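First the structure, in the form of structure tokens, and then the observations on it.
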Amino acid sequence: MAQNVDLARFKVAIIGCGRVSEKHIRAIAKLKDRLTLCALVDTNQDAPSHLLSSCKRKIKKHQEFKASIKTFIDYKEMLSEIHPDIVAITVPSGLHFQIAKDCLEFGCNILLEKPMTMSNKSSRELYELAESKGLKIAMGHIYRYFPIVNLLHEDMVNGIFGKAGHGSVVVRWGHGDDYYHQAAWRGTWKSDGGALMNQSVHALDLMCYLMNAEATNVYGMIAKRFRDMEAEDTALGVYTFENGALCQVEGTTATFPNDHEASFFINAEKASIRISLRKGKPSFSITTPKGRNLAFRYLRRYIKQNGLSYLIAVAKNPHYGIYFDLHHAIASGTSPIADGRSGYKAVDMVLGFYRSVMKKAEVELPLSHEFKIEEMNKIIL
Ligand SMILES: NC(=O)c1ccc[n+]([C@@H]2O[C@H](COP(=O)([O-])OP(=O)(O)OC[C@H]3O[C@@H](n4cnc5c(N)ncnc54)[C@H](O)[C@@H]3O)[C@@H](O)[C@H]2O)c1
């Protein structure tokens, strides 16, 4: 292990150069003293150069940054030639499993976009494979990396907030039909899922992280109200957590695309916690039983722990936090904040919800059998 872990420098490759990859590339460029982007892979051979030119103005010394990058259309060829320390997998969700498995078998740590895979069994398989090889999986669960979230988790673990009573999570992440028509995989049961699997899976993960508890039951309902897609554009349900807390969930892409909102509420014995991101603007409050808002106290504590420049970087691009944390986890032999376990647990929560829709009944978690999202094809919405 390196003496000063933060000085270790790792080679990164990105597989999939579509919409989300720009966030990855910006994060890697900003962490240039720790990470070097060595390869971009896409089956569409024009995608890497489009990606690089789309972030030209957002990356300092763009020419120099570009110089270390080789492009490939076949990820297996890239693995053999580059031998990256970290592979970011940003391909359509239905392809996550096979590519992630190949990368882990090749000996690479991975940053896997959410959702981990399209079945509970294959998600768990990736987690176990990484564990058996001593490799890290960092999940693209961006909400865990929002400022102060780690402190709220820490205080919940330490009992500062007392017992969690109930919670609520709202993901109104509107997308128009144009989004679903952009690529054939979007909104299909086989390769994506709907508002719950794509847009809400990391929000459900955040509720587990904040509650410091896992879900034990779920009852859910879905509908397709406005969007031209195969899967649901609206999901409403209720989870029960192992600590007895209830959590209601609303996940939808049927709202207006220019009014994105992700909001989280936890009612605990000694505080009510609200975190919200609306139209890109974050807000939060931690209210005591006497009505005092501790938001600034938490912000000061966060800045003291991480520094102001880190806060600004993660607020602008949470993927920066994921890469920073993954670098630290590899160099120091610790676990990433959004680790592989959080990946398969979140997929289990979503698939349990879908299973409940199929059965029209409450379902116990974790699921006892394999459930692949494509089984939802039997449901006509
Ligand atoms: N964490 C987040 O905030 C966040 C945000 C958006 C998307 N995502 C996730 O990221 C993933 C990608 O989403 P997107 O919107 O960028 O998709 P996209 O369709 O815009 O991009 C996917 C890219 O992968 C390429 N590709 C397909 N098969 C490939 C293969 N076998 N090898 C190499 N490249 C291949 C495609 O050509 C395309 O360029 C999805 O799983 C999605 O859920 C996460």
Side-chain angles (χ1 to χ4, degrees), residues 13-27 39-52 54-55 71-79 82 87-103 110-118 122-123 126 137-146 171 173 175 178-188 190-206 229 231 251 253 257 260 262 277 280 314 316-323 325-326 336-338 342-343 346-347 350 373:
I14 299 178
I15 304 178
C17 299
R19 274 169 74 111
V20 79
S21 59
E22 191 189 314
K23 292 180 179 149
H24 288 251
I25 238 183
R26 279 170 37 216
L40 289 175
V41 187
D42 203 293
T43 42
N44 168 1
Q45 63 176 3
D46 298 329
S49 58
H50 283 153
L51 172 63
L52 284 168
S54 74
C55 31
T71 61
F72 296 82
I73 51 171
D74 180 342
Y75 71 89
K76 289 187 179 165
E77 213 175 281
M78 179 279 292
L79 292 174
I82 303 289
V87 181
I89 298 163
T90 57
V91 293
S93 308
L95 301 174
H96 286 185
F97 174 65
Q98 194 55 54
I99 297 182
K101 190 171 176 220
D102 289 342
C103 292
I110 58 175
L111 194 172
L112 182 53
E113 268 304 347
K114 54 80 198 162
M116 192 171 205
T117 74
M118 309 308 276
S122 61
S123 289
L126 288 183
I137 299 180
M139 289 303 309
H141 289 170
I142 50 172
Y143 297 127
R144 286 198 184 212
Y145 294 87
F146 280 12
V171 181
W173 216 259
H175 281 300
D178 52 339
Y179 167 86
Y180 288 105
H181 297 162
Q182 238 170 38
W185 67 277
R186 291 197 194 283
T188 62
K190 192 170 187 302
S191 307
D192 189 12
L196 198 67
M197 187 61 138
N198 186 324
Q199 283 76 20
S200 312
V201 62
H202 41 338
L204 294 176
D205 168 63
L206 182 68
M229 63 198 278
T253 55
H260 285 171
L277 184 71
V314 287
K316 277 189 184 164
N317 181 12
H319 280 84
Y320 175 87
I322 304 182
Y323 277 98
D325 176 48
L326 176 58
I337 290 171
S342 75
V347 165
V350 170
I373 195 172

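Because the structure is a prediction, the values reported are computed rather than measured. Whatever order the structure lists them in is the order used to number ligands and atoms, beginning at 1.
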- Item | Heavy-atom nearest neighbour in the protein, as seen from atom 3 (O) of ligand 1, with distance rounded to 0.1 Å | Ile142 CD1, 3.5 Å

- Starting from the C-alpha separation in whole Å, work towards a yes-or-no answer on side chain to side chain donor-acceptor pair (under 3.5 Å) for Gln182 and Asp178. CA-CA 6 Å; Gln182 238 170 38; Asp178 52 339; 5.9 Å; no

- Task: With heavy atoms of Cys17 as the reference, note each atom of ligand 1 found under 4.0 Å away.
- Result: 23 (C), 39 (O)

- Heavy-atom contacts under 4.0 Å between Asp192 and ligand 1: side chain, backbone, both, or neither? neither

- Task: Compare all side-chain heavy atoms of Met197 with those of Asp192 and state whether any distance is below 4.5 angstrom.
- Result: no

- Message: Donor-acceptor pair, distance only, cut-off 3.5 Å: does the side chain of Thr90 make one with the backbone of Ile15?
- Response: yes

- Task: Examine Ser93 against ligand 1 and note whether any of their N/O atoms are separated by less than 3.5 Å.
- Result: yes

- Would you say Lys23 touches ligand 1, if touching means a heavy atom closer than 4.0 Å? no

- Message: Run the side chain to side chain donor-acceptor pair (under 3.5 Å) test on Glu113 and His202 for me, step by step, so that the C-alpha distance in whole Å, both residues' side-chain angles and the decisive distance to 0.1 Å come before the verdict.
- Response: CA-CA 10 Å; Glu113 268 304 347; His202 41 338; over 6 Å; no

- Query: Near Pro92, which atoms of ligand 1 are under 4.0 Å from a heavy atom of that residue?
  - Reply: 22 (C), 24 (O), 27 (C)

- Shortest protein heavy-atom distance from atom 11 (C) of ligand 1, along with the residue and atom involved: Val91 O, 3.3 Å

- Close N or O approach (Val20, ligand 1; < 3.5 Å): yes

- Task: Output all residues satisfying side-chain hydrogen bond (donor to acceptor under 3.5 Å, both in side chains) with Thr188, sequence neighbours left out; order by chain, then residue number.
- Result: none

- Query: Any idea which protein heavy atom is nearest atom 31 (N) of ligand 1, and the distance to it?
  - Reply: Thr43 CG2, 3.8 Å

- Query: Which ligand 1 atoms does Trp185 reach within 4.0 Å, using its non-hydrogen atoms?
  - Reply: 13 (O), 17 (O), 19 (O), 40 (C)

- Message: I'd like to know if the side chain of Asp42 and the backbone of Ala47 have a donor-acceptor N/O pair within less than 3.5 Å.
- Response: no

- With ring centroids as reference points, do His175 and His260 lie under 6.0 angstrom apart? yes

- Task: Return the residue, atom name and 0.1 Å-rounded distance of the protein heavy atom closest to atom 21 (O) of ligand 1.
- Result: Gly18 CA, 3.2 Å

- Counting each atom of ligand 1 from 1 as listed, which ones have a heavy atom of Gly140 under 4.0 Å away? 1 (N)

- Message: Considering non-hydrogen atoms of the protein only, which is the closest contact for atom 43 (O) of ligand 1, and what is the distance?
- Response: Lys114 O, 2.9 Å

- Note on the structure: re atom 37 (O) of ligand 1, the protein heavy-atom contact at minimum distance is Asp42 OD1, 2.6 Å

- Message: So does Lys23 get a backbone contact from the side chain of Asn317, meaning a donor-acceptor N/O pair under 3.5 Å?
- Response: yes

- May I ask you to identify the nearest protein heavy atom to atom 2 (C) of ligand 1, giving residue, atom name and distance to one decimal place in Å? Glu113 OE1, 3.6 Å

- Message: Give me the nearest non-hydrogen protein atom to atom 18 (P) of ligand 1 as residue plus atom name, then the distance to 0.1 Å.
- Response: Arg186 NH2, 3.6 Å

- Query: Is His96 reaching over with its side chain to a backbone N or O of Pro115, donor-acceptor style, under 3.5 angstrom?
  - Reply: yes

- Query: Sequence neighbours excluded, which residues qualify as side-chain hydrogen bond (donor to acceptor under 3.5 Å, both in side chains) partners of Thr253?
  - Reply: Tyr180

- Message: Using modelled atom types and a 3.5 Å cut-off, is there a donor and acceptor pairing between side-chain atoms of Tyr145 and backbone atoms of Ala338?
- Response: yes

- Query: Thr90 heavy atoms, cut-off 4.0 Å: which ligand 1 atoms fall inside?
  - Reply: 12 (C), 22 (C)

- Task: Consider ligand 1: state whether an atom of it lies below 4.0 angstrom from any non-hydrogen atom of His141.
- Result: no

- Query: Counting both backbone and side chain atoms, is some N or O of Tyr75 under 3.5 Å from an N or O of ligand 1?
  - Reply: no

- Task: Assess the pair Tyr323 and His24: is the distance between their ring centroids shorter than 6.0 Å?
- Result: yes

